[in-house]
Structure formats: C-alpha cells, structure tokens
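Below is one structure, written out as structure tokens; comments come after it.
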Amino acid sequence: MVATVSAAQEESLAKVNGEPVVNLPKDLFIPPDALEIFLETFEGPLDLLLYLIRSHNLDILNIPIAEVTRQYMKYVALMEKIDLELAADYLVMAAMLAEIKSRMLLPRTSHHEEDDDLDPRAELVRRLQTYERYKKAAENLDELPRMERDTFEVKLDPPPVAHEKQQKQHPPIDLATVLSAFHGVLQRAVLSTHHTVEKERLSVRERMSLIVDLVTPEHFLPFTQLFHYDEGRPGVVVTLLAILELHKAQLIELVQTDPYGTIHVKGVA
Amino acid sequence: MPTPSTASLKNILEAALLAAGQPLSIKQLRRLFSDEWQPSEVEIGETITLLQQEYQGRGIELKTLASGFRFQACSETAPWISRLWDERPPRYSRALLETLAIVAYQQPITRAEIEDVRGVAVSSSMIKTLMEREWIRVTGHREVPGKPALYATTHDFLDYFNLQSVDELPPLMAARDVDAITDELKLNSYAENSR
Amino acid sequence: MPTPSTASLKNILEAALLAAGQPLSIKQLRRLFSDEWQPSEVEIGETITLLQQEYQGRGIELKTLASGFRFQACSETAPWISRLWDERPPRYSRALLETLAIVAYQQPITRAEIEDVRGVAVSSSMIKTLMEREWIRVTGHREVPGKPALYATTHDFLDYFNLQSVDELPPLMAARDVDAITDELKLNSYAENSR
C-alpha cells in the first residue's frame with residue numbers, strides 16, 4: 001500500500017496504532033552559511049518543503065508535521081534575512097503548516113465521520129504532489145533537444161540569379177512607431193530609476209560612435225585630428241568629452257611617447 | 001515560370017526548405033508553384049518523405065515539427081557547431097521552465113492557476129518574456145470576475161523544442177490518485193498525533 | 001567534447017557550413033575542433049571536395065568562394081525559391097522596436113544594458129534581426145568580464161528614417177509628450193511609406 005517505505009521507517013523504534021514511529025534524524029539542521037548558498041535556488045515554499053521531505057527520506061504521505069514545520073521555520077527565518085520580498089509566499093505556507101499542526105493536535109471526534117475524517121495534511125500533500133510533477137516536467141522540458149543548444153537552423157543564401165524579389169523583404173516601420181515603443185520603455189524605466197538620458201549627452205554619444213569609427217587598433221591618429229574647430233567651443237568640448245568617455249570605457253587608447261609630444265589615439269583590439 | 005523539367009520537384013523543395021530559415025508547411029510549399037505547374041499536397045508530402053530518408057545519417061536532418069518541416073543540424077554535431085558563435089546558448093531559469101511546463105500541460109490556464117501550482121507569484125516580466133519569445137499566447141479569458149487571460153503554448157514553442165504537438169511532451173510523473181491518498185492517510189491515522 | 005565517432009567529420013562540416021549563414025574558410029572550420037581531435041587542413045579540404053561531389057545535381061550546391069565555402073540554392077530553383085520572400089513581410093514586434101529605440105538613444109550599449117532598461121531578456125534572434133536589417137552593428141566590446149559586444153545604430157538606420165545624425169532623433173525628455181511628436185512625424189511618414 002505504502003509503496004515507498006523510507007529507510008527511517010524501517011529503523012523505527014516502536015509502533016503506534018500499527019504504524020512505525022519514525023526516529024527523526026537529529027542532523028536535520030544545516031549550518032546557516034551553507035544554507036544561504038542554496039536558499040536562493042528554491043523556487044518557493046512548495047519547493048523548499050519538497051526538499052525537506054525528499055532530502056530526509058520522509059514519506060510524503062505521512063509527513064511528520066511538527067518536525068517539518070520546525071525545520072521550515074528555520075529556513076524562513078534565514079530567508080527573511082536574505083530576501084524580504086520572497087518571505088510573503090513563505091509565510092503563507094508557514095501559516096498553513098501551523099494550522100495543520102494545530103488541527104492534528106486536536107483529538108478526533110469520530111473515527112467514521114466522512115468529512116471530519118479527512119487528514120488535515122491531505123490538501124498539503126495534494127499540492128506538494130502536483131508541484132513535484134511540474135517540477136519534474138520542467139526538468140524534462142529542459143532536457144528536450146532544443147534550438148540554439150542541441151540543434152541549429154540552417155541559413156542558406158538565396159540563389160544567385162538576378163531577381164528583384166529575391167531580396168528578403170523587410171516589414172516597413174516608421175519613426176513614430178519606434179518612438180512610441182521607446183515611450184513605453186521610458187514610462188517603465190521612470191518608475192524604477194532616474195537615469196534618463198539628457199539631450200546633451202546624445203551628441204556626446206553620437207561623437208563617441210564617430211570617433212570609434214575613425215580609429216582602428218592598427219594605426220594611430222593624431223589627437224588633434226579628431227577636433228573640428230569650425231564647430232566652435234561646444235563642438236570641441238563634445239569631442240573632448242567623447243574621447244574621455246571612450247577612454248574611460250577602454251574603447252580607445254591615448255598614447256604620448258615624448259613629453260609635450262603629439263598625443264595619438266588608437267582603437268583597442 | 002520555367003517548366004518543371006529545369007528543376008525537379010525534389011530539388012525545389014530541398015532548396016526552399018533550406019533557404020526558408022523557418023519551418024514551412026505543405027500548404028506554404030505548394031504556394032511556391034504557379035498554376036502551370038502545381039504539384040498536389042500528396043506529391044509534396046511524398047517528396048518530403050523521400051528527402052527525409054535521403055538525409056538520414058547526414059549532418060543535417062529534415063524534421064517534422066508543429067508548423068511544418070525544417071532542416072536543422074543534427075544534435076550529434078552540436079558540440080562543434082555551437083563553436084561557430086561566441087555566445088553561449090541561452091539558459092532558462094527554473095522559474096521560467098516551470099511556468100512554461102505548467103502552461104504546456106494544463107493549457108489553457110490563467111496566471112493565478114499557475115501561481116497555485118507553483119506556490120509563488122509569477123512575475124509579469126516572466127509572462128512577458130514568454131509572450132515575446134512567442135512561446136505562449138493569450139487564447140481567451142476565463143469567465144470569472146476580472147476575466148483573467150488564459151494562456152496556451154504556441155507552434156513556435158513546439159518548434160523550438162523539436163515537438164510536433166503537445167502530445168509529444170514527456171508524460172507527467174504519475175500522481176497518486178487523490179482519493180487513494182486520502183484513504184492512505186486515513187489508514188495511517190494520526191500516528192503523528194500520538195507522539 | 002565527444003569523440004569523433006559520435007559524428008563524422010563530413011557530417012560536422014556539412015552542418016557547420018549550413019548553419020553558419022556565411023562563407024567559412026578551411027581555417028575557420030578547423031577552429032571548430034579541439035586539441036583532442038584536430039583534423040588537418042588537408043583532411044578538411046578533401047572532405048569538402050567530397051561534399052561538393054555529393055551535392056551535385058541537388059537543390060543546393062556547395063560553392064567555393066574567395067572567403068571560403070558556402071552552400072547556396074541552385075540557380076535552377078531560383079524562380080520558385082524567390083517566391084518564399086514574395087509573401088507579405090512579417091511585422092516587427094514591439095519588443096524589437098523597443099530594443100531598436102534603446103540602442104538609438106543609448107548607444108553604444110551592451111545587450112545586458114538593454115535588458116536592464118527593458119526589464120526583460122532580449123532574445124538573440126531579436127539582435128540578429130536588427131543586425132541583418134543592418135540597423136545596428138557591433139562597434140566594440142565593453143572592457144568588463146565576458147567582453148560583451150557594444151551595439152550602435154548604422155548609417156542605414158539614419159537613412160531609413162530620413163535622419164542626418166542621431167542628434168536629430170526627437171529629444172528624450174520631450175518623448176513624454178509622445179502624442180505631439182507622433183503628430184509631427186505623421187506629417188513626414190507618408191513620404192516614408194511611399195518609398
């Protein structure tokens with residue numbers, strides 16, 4: 001009937017109501033620093049409970065609620081330290097465990113009353129089993145041969161015959177569409193951060209890409225050649241800022257071989 | 001349009017499937033032909049079967065997928081082919097795979113129902129990622145207050161995971177019947193209780 | 001890396017040449033192999049000749065070009081293959097447009113940084129589509145671990161949108177008042193559409 005008799009049950013010390021009393025391992029507790037590493041890998045309270053049950057070889061159909069709850073709360077306490085946001089889902093489960101525990105402590109009124117006869121753990125067992133099925137299904141899904149990892153699409157050039165339509169057609173779009181798409185991003189971004197780009201930086205970025213195009217890792221370019229004096233003071237400043245930004249980003253190198261000599265600019269390989 | 005003799009049906013289908021860069025259905029392939037020479041769907045299907053046989057044991061294979069037929073590199077060659085690109089293949093988080101698996105097996109399903117199975121909130125950005133990837137789509141709305149969207153998987157999802165239909169997904173782990181569980185629990189009684 | 005027996009040299013080369021999407025030289029092909037199994041350039045060359053023979057009279061051929069070897073559809077099949085691209089071009093997703101806009105305003109920018117702004121993953125295929133469209137290109141690499149590619153917009157991008165330089169993009173702060181800009185752009189968009 002109970003298909004998987006756990007090792008712990010085989011070593012039972014005594015029998016109560018015909019069922020072995022499980023001698024719970026005393027080493028359930030894991031040092032907190034070791035915990036932190038894999039706490040982040042739990043996908044939620046069900047995942048954590050499953051771990052507690054499976055790693056200690058407990059029978060999912062006869063969960064020692066008191067002990068599991070105690071263990072679970074230790075993890076939750078630790079989780080609260082690490083990730084407060086996650087704790088909400090975990091606390092709901094903690095409440096559920098506490099409720100089951102309390103209901104199990106109550107004496108049973110009747111042995112044969114249909115409704116009341118339900119083990120308070122039944123709902124938890126059902127959820128754990130359902131979750132476990134999909135957890136396994138996700139693992140199976142991950143193992144299926146998939147594009148970009150196990151197999152790759154072939155890309156063939158169209159035949160070389162001159163044919164107008166041979167050129168792959170691209171959907172037309174207009175700038176307004178791009179802009180409205182970006183507006184959506186902005187609205188989302190504004191909610192979370194303040195680092196919207198100001199107009200002035202645009203020209204610096206523009207200049208940065210121009211300079212990156214001009215310089216190559218192969219040959220040096222005199223620093224002064226990057227400046228266009230007809231652009232006046234703002235142009236020179238923008239160019240200088242662009243050069244400094246590129247240098248900071250380590251996209252270009254600035255070299256000066258002699259003191260007061262010409263500064264040369266070079267791309268980074 | 002030239003006459004069929006200049007190129008055999010097999011060669012045209014071979015070149016088309018290799019050049020398309022996406023799965024092509026028999027209907028799509030048929031549209032490549034004009035009225036002058038319009039092979040039947042049966043002819044096209046038979047020729048594809050022939051091509052599939054001819055490519056057996058080679059470096060590429062012609063797979064039958066949800067949205068049609070696609071040539072792809074054989075998985076045996078993947079360790080070498082993947083070196084063509086600097087980028088490593090994308091990896092998907094457990095959260096994403098679990099959500100995707102629940103949608104795949106339980107479709108159509110609402111976000112709240114997915115959350116119920118997983119026991120944690122499903123983030124909007126995850127749903128968005130799956131929608132953008134065109135692996136899931138909204139197929140309708142559950143007739144309950146708030147009319148939540150119902151999600152289902154797409155052909156793109158099946159194509160990506162090399163499946164013809166959701167029936168080909170690995171079977172779910174057998175869950176013990178809920179009634180059976182309840183019975184067992186009854187028999188186990190409150191052993192816990194009496195400790 | 002698996003041993004050679006799991007996939008033959010011929011199959012690996014065949015799959016690599018078909019998956020690469022660009023001509024590959026013998027040197028490039030040789031780099032796909034590790035030290036454990038490193039076929040010589042002669043071996044690779046001989047195997048390519050063998051492949052070229054095997055593909056004679058089929059729908060595709062393995063051409064020898066200046067920069068290497070490339071599979072392409074035979075010219076006989078061209079009248080049919082070209083119809084693949086006749087069909088209505090697909091529409092770009094909102095995700096793709098958002099990515100394009102972020103590159104335009106924040107260039108040069110890495111994929112991770114785009115993901116940061118968008119709050120969701122940016123798929124490889126999206127970047128690929130934008131690169132293929134020649135609207136974005138790699139201008140360098142960020143000097144951080146992994147050396148991620150830096151993307152920027154191209155001249156083609158500016159040409160397509162009738163812009164002289166990125167400076168002409170509508171200013172971002174004003175982008176909040178998107179309706180006004182949209183109206184302004186609509187006036188120009190008819191010229192665009194009739195191109």
Side-chain angles (χ1 to χ4, degrees), chain A residues 1-3 16-22 41 43-47 61-66 86 88-89 92-93 104-105 107-108 117-119 121-122 125-127 129-159, chain B residues 15 17-22 60-61 63 70-75 77-78 81-82 84 89-92 94-102 104-106 116-121 159-163 169-170 172-176 178 181-182 184-195:
Chain A
M1 189 210 34
V2 179
V16 177
N17 294 347
E19 283 296 317
V21 168
V22 180
T41 70
E43 285 300 327
L46 290 172
D47 199 18
L61 294 181
N62 196 11
I63 306 166
I65 285 290
L86 260 184
D89 289 318
V92 173
M93 178 58 72
M104 292 191 67
L105 288 172
R108 298 169 74 194
D117 222 19
L118 228 99
D119 191 304
R121 294 172 295 184
V125 169
R126 187 194 65 78
R127 292 192 62 187
Q129 288 212 322
T130 308
Y131 176 69
E132 191 175 32
R133 295 175 84 196
Y134 289 104
K135 185 184 164 178
K136 183 82 184 96
E139 286 165 20
N140 290 340
L141 194 63
D142 201 24
E143 278 162 23
L144 285 178
R146 65 173 189 241
M147 300 300 287
E148 299 181 273
R149 186 188 68 186
D150 308 299
T151 176
F152 304 89
E153 64 181 25
V154 295
K155 284 168 244 154
L156 195 68
D157 284 345
Chain B
L17 285 163
L18 280 161
Q22 60 180 46
I60 57 167
E61 59 187 329
K63 284 281 277 190
R70 179 177 69 197
F71 269 112
Q72 58 191 43
C74 287
S75 50
T77 66
I81 309 303
S82 58
L84 280 172
R91 291 190 57 193
Y92 301 100
R94 264 186 60 199
L96 186 132
L97 289 166
E98 281 182 12
T99 305
L100 188 59
I102 294 165
Y105 285 94
Q106 299 261 54
D116 204 49
V117 174
R118 294 198 57 229
V120 280
D159 290 347
Y160 191 86
F161 287 95
N162 274 285
L163 300 167
L169 282 168
L172 274 183
M173 197 175 81
R176 273 177 274 183
V178 179
I181 293 168
T182 312
E184 278 182 45
L185 285 169
K186 273 183 207 162
L187 289 169
N188 283 345
S189 176
Y190 287 8
E192 168 84 11
N193 197 13
S194 42
R195 281 165 13 101

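Letters go in sequence order (proteins before strands), and every chain restarts at 1.
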- Task: List the steps, then state whether side chain to side chain contact (heavy atoms under 4.5 Å, CB included) holds for Tyr105(B) with Arg133(A).
- Result: CA-CA 11 Å; Tyr105(B) 285 94; Arg133(A) 295 175 84 196; over 6 Å; no

Return yes if some donor-acceptor pair links the side-chain N/O of [X] with the main-chain N/O of [Y] below 3.5 Å, else return no.
X	Y	value
Thr151(A)	Ala73(B)	yes
Asn162(B)	Pro145(A)	yes
Tyr160(B)	Met147(A)	yes

- Glu153(A) and Gln22(B): CA distance, side-chain angles, deciding distance, side chain to side chain contact (heavy atoms under 4.5 Å, CB included) verdict: CA-CA 8 Å; Glu153(A) 64 181 25; Gln22(B) 60 180 46; 5.9 Å; no

- side-chain hydrogen bond (donor to acceptor under 3.5 Å, both in side chains) involving Thr99(B) - partner list, sequence neighbours excluded: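 Partners of Thr99(B) under the side-chain hydrogen bond (donor to acceptor under 3.5 Å, both in side chains) test: none.
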
- Item | Audit row: Val117(B), Leu46(A), side chain to side chain contact (heavy atoms under 4.5 Å, CB included) steps and yes/no | CA-CA 9 Å; Val117(B) 174; Leu46(A) 290 172; over 6 Å; no

- Task: Could you pull out all residues at least two apart from Arg127(A) that satisfy salt bridge (charged side-chain N to carboxylate O under 4.0 Å, His left out)?
- Result: none

- Message: Need one label for Glu132(A): side chain, backbone, both or neither, based on atoms under 4.5 Å from any heavy atom in chain B.
- Response: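 Interface part for Glu132(A): both.
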
Toward chain A, the part of [X] with a non-hydrogen atom under 4.5 Å:
X	value
Arg118(B)	both
Ile60(B)	side chain
Leu169(B)	side chain
Leu84(B)	neither

- Task: Please name the pair of heavy atoms, one in Ala78(B) and one in Asp150(A), separated by the smallest distance, quoted to 0.1 Å.
- Result: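 Nearest heavy atoms, Ala78(B) then Asp150(A): CB-O, 3.4 Å.
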
- Task: Give the member of Arg146(A), Glu143(A), Lys136(A) that has the highest number of heavy-atom pairs under 4.5 Å with chain B.
- Result: Arg146(A)

- Message: Would you say that Arg149(A) contacts Arg91(B) through its side chain, given a criterion of any heavy-atom pair below 4.5 Å between the two side chains?
- Response: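 Counting from C-beta outward, Arg149(A) and Arg91(B) never come under 4.5 Å.
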
- Query: CG/Leu141(A) to CG/Leu96(B) distance, rounded to the nearest 0.5 angstrom?
  - Reply: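 Here the rounded value is 9.5 Å.
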
- Note on the structure: Of Ala121(B), Gly21(B), Pro90(B), the largest count of non-hydrogen pairs under 4.5 angstrom with chain A goes to Pro90(B)

- Query: Between Pro170(B), Cys74(B), Ala104(B), which shows the greatest number of heavy-atom pairs under 4.5 Å with chain A?
  - Reply: Pro170(B)

